[in-house]
Amino acid sequence: MRRNAAELAKMRRAGKVVAEMHERTRDAVRPGVTTRELDAVARDVLDRRGATSNFLGYHGFPAVICTSPNEMIVHGIPGDYRLEEGDIISIDCGAIVEGYHGDAAYTMAVGEVPAGARRLMEVTERSLWAGIDKLRKGHRLHEVGRAVQDVAEAAGFSVVREYVGHAIGTAMHEQPQVPNYWPGTPGPTLKSGMVFAVEPMVNAGGPQTKLLDDGWSVVTADGSLSAHFEHTIAVTDDGPEVFTLP
Ligand code: MG
Ligand code: MG
């Protein structure tokens, strides 16, 4: 699906709201804060910007952000969990403006964290940017996943297979999917106006995942740490445009 200039303008605005959710929640992350309090910070941004949530009510999801600490990969439900010094926390945020969606995630340290955790976050963010750099017209979509995988595996980490990125527009999750690995085929040819959410989930240990009994929280099967970074990006004539940067 290719978006026209008016549609891209709305997605740019949705992206700015998501970027503000990132900035505000980052400022609120500290030892002792609960993940429910972080959700309230994000809700306040949506309210003040007149945006709505694409997470709240999604298949019954009860919050406007996902909060996934430590070995949790994605889709953690905000609640009573209190962040502790030494945790890493992944926060995924989304917003809808005039019917158009933005979606982006980051992982950050809570206070001081071990060097290995810091390196996992750095590599995962770098793998996202390596993937974003492949979002150029005429390229094939799955070059994104190959680039992500190359960066992650060169560092000795693994990429999650069961959860992937996606096209985005008038729905949060549109086709095609954007795997974070080379799936064996080059995928569709990229054209200007296509918009994708690229979102590497990188594990310090093996790539296997496990779904917890709450039906949402996805953790690493081996209990190793996991990091998640995501942006919403348009393919333009001038290269990739990242909508979810501040
Ligand atoms: Mg997301
Ligand atoms: Mg996404």
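Being a predicted model, the structure only gives us computed values, none of them experimental. Note that ligands are numbered from 1 as they come in the structure, with each ligand's atoms numbered from 1 the same way.
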Presence of N, O or S from H166 under 2.8 Å of the Mg ion (ligand 2):
yes
Give a yes or no on whether D80 atom CG has more than 12 heavy-atom contacts from other residues, nucleotides or ligands under 6.0 Å away.
no
Hey, are N54 and Y100 close enough side-chain-wise for a donor-acceptor pair under 3.5 Å?
no
Between H166 and D103, is a side chain to side chain donor-acceptor pair (under 3.5 Å) present by the stated rule, with each step listed?
CA-CA 10 Å; H166 47 93; D103 182 14; 3.0 Å; yes
Over all heavy atoms of both residues, which pair between T67 and P69 is shortest? Give the atoms and the distance, please.
O-CD, 3.6 Å
Find out whether the Lys NZ or Arg CZ of R26 is both under 6.0 angstrom from the six-membered ring centre of Y106 and within 45° of the ring's axis.
yes
Return all protein N, O or S atoms below 2.8 Å from the Mg ion (ligand 1), chain by chain in residue order.
D92 OD1, D92 OD2, D103 OD1, E230 OE1
Atom pairs and distances, side-chain donor-acceptor, residues 177-196, under 3.5 Å, sequence neighbours left out:
residue : atom : partner : partner atom : Å
N180    : ND2  : E199    : O            : 3.2
S192    : OG   : D237    : N            : 3.4
S192    : OG   : D237    : OD1          : 2.5

